[in-house]
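Accompanying notes for the structure given below.
Computed from heavy atoms alone, side chains included, the values below leave out hydrogens, waters and symmetry copies. Letters A, B, ... are given to chains in the order of the sequence lines, protein chains preceding strands, and every chain is numbered from 1.
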Number of protein chains: 2
Amino acid sequence: MFESRFQSFAELGDPSNGAARVGALRAELAKAGLAGFIVPRADEHQNEYAPPNAERLRWLSGFAGSAGIAVVLRDAAALFVDGRYTEQVKSQADGSVFEFRHIVEAPPAEWIAQKLKRDEKLGYDPHLHTPESVARFAAACAKAGAALAAVDENPIDAIWRDRPPPPLGPITLHAMRFAGESVGEKIARARKAVAPSDGLLISDPHNLAWLFNIRGADVSYTPLPLGWAYLPREGRPVVFVDGRKLKPASRQHLARHAEIHEPDRLEGFVDDLGKQGLSVAFDAATAPAALTQSIERAGGKADIRPDPVTLMKAVKNPVELEGARAAHERDGAAMARFLAWFAAEAPRGRLTEIDAVTALETFRRASPALRDISFPTIAGAGPNSAIPHYRVSEASNRRIERGIFLIDSGAQYEDGTTDITRTVAVGRPSALMRDRATRVLKGHIAVARAVFPPGTAGVQIDALARTALWRSGLDFDHGTGHGVGSYLSVHEGPQRLAKTGLIPLAPGMIVSNEPGYYAAGAFGVRIENLVAVGTRKVAGGERPMLGFETLTLAPIDLALVEPRLLDADEIAWLDAYHGRVRKTLSPLVDAPTRRWLMLATRRLAAGKRRTSS
Amino acid sequence: MFESRFQSFAELGDPSNGAARVGALRAELAKAGLAGFIVPRADEHQNEYAPPNAERLRWLSGFAGSAGIAVVLRDAAALFVDGRYTEQVKSQADGSVFEFRHIVEAPPAEWIAQKLKRDEKLGYDPHLHTPESVARFAAACAKAGAALAAVDENPIDAIWRDRPPPPLGPITLHAMRFAGESVGEKIARARKAVAPSDGLLISDPHNLAWLFNIRGADVSYTPLPLGWAYLPREGRPVVFVDGRKLKPASRQHLARHAEIHEPDRLEGFVDDLGKQGLSVAFDAATAPAALTQSIERAGGKADIRPDPVTLMKAVKNPVELEGARAAHERDGAAMARFLAWFAAEAPRGRLTEIDAVTALETFRRASPALRDISFPTIAGAGPNSAIPHYRVSEASNRRIERGIFLIDSGAQYEDGTTDITRTVAVGRPSALMRDRATRVLKGHIAVARAVFPPGTAGVQIDALARTALWRSGLDFDHGTGHGVGSYLSVHEGPQRLAKTGLIPLAPGMIVSNEPGYYAAGAFGVRIENLVAVGTRKVAGGERPMLGFETLTLAPIDLALVEPRLLDADEIAWLDAYHGRVRKTLSPLVDAPTRRWLMLATRRLAAGKRRTSS
């Protein structure tokens, strides 16, 4: 009945080839006179979802996480992963080949400084590292009296015999009815932010997609066209994309605004800019060191700074916001159908996590507007709900029993990207579960209701999501929210609601609001809606204020709400939100879902009065 | 009856000499071949309270604010001040000599880039600028095709005939019973933070005072010994202070830990470090460019970064915290006497702002432990209360009439530094005043009650102080809190509760908690207590948490509290705080004050029940 077309549940990691492949790599390194090599989990654009031909770390080690780095030396190798993957790496990579280390607590630079010997050369592929990463590793090598050396060809590519070709996903137009601003207008705005540099090298494919109103199909979950662009302060821009990805319509569209070059011409082009003595801005977050090194060698200057297009893209225009609202209504209807189905089926005790994932995707596919899911659905039953970045596989798949079930998922529609988490009780939840879930809800509501002046940064809002937890001696170890694209990446910057969120929140920005609580080995709770920043009129107020419009529409499980822990304002928010969910989604769903929706969105206010009298 | 010994009410600014002095300066500049000169309000240590011989900006222009900068060119001059001083500068300096500009909105670098002509030289005194300030001005000059040029002698000193000599305040020991940690222990700790540099040049006299357990008397309000120190990674430290400030006991104390040199040997010493090829850490916030330039010219390296001693000094040890508590009890008794006196006298309508300042200082002087006030008392009646940094003078002195009176003051005791603001109603306050004051109080209580995990930075706590105001469309334009020294500066870093507060709050740090509200031309409210960060046990909690201990003890005016705007937790905090104030201060005050204190600290809880039933 249900099937998943966008998500695989195969066990991705496989430690069995690690020893042979690392051996082969060492032989390659010996030929090149290198004492070692750095293998980051990265493509040339530092993409979160990389194309298969860039999965060198997975091929070498077996480790399939979305972030990590290996360093292979003559007689030692280490694999560095973050807190999400410290357990997973043990089953996916070979512990007799790699030493496993926590990337923050025991970072690669430290290990390199200790292990490398004087006068040795440590190789790296300058296409896969940002300039900042190169500087860090160069300093580590220098500490050991050794040197960091860029390679011309990645030695892994020489031994990876069945390496896939680069992806050739067709480039499509992102129509004005979704984009809301023409390429010409966007280019004119972006040019103003190029100064004081002579030009801007766009290395982030999300920014390429946004600026030229195109989308692609080169990686999973995000409609990215892999490619590059050069935007001079004056004169015609240049786009570097594989011509095989362009149909006549998209070629014609791009040619109206830019020269079109093959990507293999990029390095020569940048070299030419350097020879002209130009100063070019490169994106600190995504530019490969190969390009910044090339321009400086040729006599130009690399201004390494945040690509200004990132901030422009983050601020959605009214058409994009309208699209987001429509996408969220559609997605909300699918979520309601899923939650109603789940409420009926789960108590029978026969569902698994994978059943839930495939059912939700199937309900979403009922809309012809669905293009993809926006990331692999996180569906955790019982103790798996306590793993914030859990990915269900055939091996980990758990039967859904009495307790907590957490599902974090999203969709890609042409008019908008969604991301929603709901935590639901199967059977009667424990008092502790209700207590924790309600404190998480208080944080969620504090963000949703926040009123704040222009200039307020995400770090300030992040605190509001946590105060109810902090007061109880609790906290959660991830940010409260990330930016979200418009039919683009579900994780987008530069704004975020987190300790590192120093960018002011501006009207039009979309962020997630997703506080959580995790009791390792027992249960986890997360409540996530997307919200859009907008202006807020305050009666009697003296200053301009901003606030959030909640975009996501789906019931929050009342079985996990302890009304005595909510104040009147919080109950009013929850009732108003549920009223809006009911009113908006009822016309969009089938009769059984509609009946479930009535119950799931019932008012708490009366119940509250009853308990306190 | 009352008198002020520590604060003057003279009108400090005097615009009448500006034209002649700027003319004389221009003649000096012409002789030196300079097109202009930068005159910052700064001494060699970037001190907030500078000695009289460093008040070159005031001497030149008449402007007496605590921050500002003038740039004098051949046929133009500008005086840049911040938002606190945009009005004041108009009466203190001559508008026909200086163009007045807002230092943030129209910064000096911009003006210089516009006004300076190609190939001109703009002079500056490298002893009065940090390296970062020099870099900024050099870039501004470069934009104009001109050059920034360091002068050997400050040209103002050549024309300022009655310039005072440098201060020679005696250096005294800060006893272990106040300091709580020996010089040897402090030096050992500080040395560990010198790496990777070979040594640390201490240019902040607060850090000199803290590290060597000494205090001085060179500037007003802060017991600073002007001077310098060099702390090598290994070997004997060197202290540079004027030998005339050392009595035998303090010389002996210092000689136990360091070589003692005259300050005029500092530049030669730094030059020598450079000749040895050493890498020396300089404090980014206070180091004069003269020193960093000198070491680099000699072949050494200047590592410009925050002086690590600043963070060590910020974390008070148990003895310093005990001292702070004792100082606050003593100061609270003086405040209670003042507030009781004020409550009796103010309604008669005969008091002025200066009367209030002198009365409060007199009550504080009743304690033999008082050494100084910690800053000039801000005492604003009516509309003056809306000026956050108001300084009362004979000219501005206002009669205290019905309405709001705000008093922000502090004291220096050998065991601690205090800083307190109270806003009191004279007569019956308006509903608007009560509303605003209560929302400020809600912010104050939110900070006072905050519970947060280790690693939380001041920027996150700052948001809690504002949410009640934001929700009403209100805000205030200063930070919520600053660090406070231990018998040292009342404004101390690096931690602060503000948008710029990125330093994690650590147990032992003292900060002010001072949200406010200001209706320009009408009235202002600020409620300030000092709080100390400490660990917080939470029943049933799962993680280590921190919280604040309120140190300041004085009633918060209940006439300005609207109980209906407070929730039960807020009322409970206020009642508990007032209970503590009453219990602690009653034994320390005279009978009339004690009677007033009983009334001023009455419980709200009962009143609240009455209004809601």
Side-chain angles (χ1 to χ4, degrees), chain A residues 139 142-143 196 431-432 435-436 439 446-447 449-477 480 497-502 504 517-520 522 535-547 567-570, chain B residues 139 142-143 196 431-432 435-436 439 446-447 449-477 480 497-502 504 517-520 522 535-547 567-570:
Chain A
K143 264 198 192 168
L432 187 72
D435 178 276
R436 298 307 191 240
R439 291 183 202 279
V447 173
R449 293 182 67 231
V451 176
F452 50 90
T456 301
V459 59
Q460 295 169 279
I461 302 300
D462 177 76
L464 307 184
R466 299 179 195 267
T467 43
L469 289 163
W470 287 348
R471 186 159 298 288
S472 306
L474 313 172
D475 200 3
F476 55 95
D477 292 327
T480 298
L497 308 185
K499 234 161 123 170
T500 51
L502 301 181
Y517 166 81
Y518 309 95
T535 55
R536 191 62 81 249
K537 275 266 172 234
V538 180
E542 298 170 1
R543 301 194 179 202
M545 288 283 153
L546 304 176
D567 66 28
D569 288 334
E570 289 164 339
Chain B
K143 264 197 192 168
L432 187 71
D435 178 276
R436 297 309 192 240
R439 291 184 201 279
V447 173
R449 291 183 66 230
V451 176
F452 49 90
T456 301
V459 58
Q460 296 169 279
I461 302 299
D462 177 77
L464 307 183
R466 299 178 195 269
T467 44
L469 289 163
W470 286 350
R471 183 158 300 286
S472 306
L474 312 172
D475 200 3
F476 56 95
D477 292 326
T480 298
L497 308 185
K499 235 163 122 169
T500 51
L502 302 180
Y517 165 82
Y518 309 94
T535 56
R536 193 60 84 246
K537 274 262 171 238
V538 180
E542 298 171 1
R543 299 193 181 205
M545 288 284 154
L546 304 177
D567 67 27
D569 288 333
E570 290 164 338

>> Heavy-atom cut-off 4.5 Å, strictly under: side chain, backbone, both or neither for A519(B) against chain A?
In response: neither
>> So for V538(B), is it side chain, backbone, both, or neither that comes closer than 4.5 Å to the heavy atoms of chain A?
In response: side chain
Tell me the closest heavy-atom pair linking [X] and [Y], and the distance in Å.
{"X": "F476(A)", "Y": "Y517(A)", "result": "CB-N, 4.5 Å"}
{"X": "T467(A)", "Y": "L464(A)", "result": "OG1-O, 3.5 Å"}
{"X": "A468(A)", "Y": "R439(A)", "result": "CB-O, 3.9 Å"}

Need one label for [X]: side chain, backbone, both or neither, based on atoms under 4.5 Å from any heavy atom in chain B.
{"X": "D462(A)", "answer": "side chain"}
{"X": "L469(A)", "answer": "neither"}
{"X": "R449(A)", "answer": "both"}

Only pairs of heavy atoms separated by less than 4.5 Å count here; which of [options] has the most with chain A?
{"options": "R536(B), K537(B), R436(B)", "answer": "R436(B)"}
{"options": "I461(B), L502(B), T456(B)", "answer": "T456(B)"}
{"options": "S472(B), A457(B), P544(B)", "answer": "S472(B)"}

> About how many Å separate CE of M545(B) and CG of D475(A), when rounded to the nearest 0.5 Å?
Replying inline: 5.5 Å
> Residues two or more places apart in sequence or in another chain: which of them pass side-chain hydrogen bond (donor to acceptor under 3.5 Å, both in side chains) with Q460(A)?
Replying inline: none
> Is R466(B) close enough and on-axis enough to F452(A), meaning under 6.0 Å and within 45°, for cation-pi?
Replying inline: no
>> Looking only at heavy atoms and a cut-off of under 4.5 Å, which of P453(A), G541(A), A463(A) has the most pairs with chain B?
In response: P453(A)
> Should L497(B) and V447(B) count as side-chain neighbours, where that means a heavy-atom distance under 4.5 Å?
Replying inline: yes
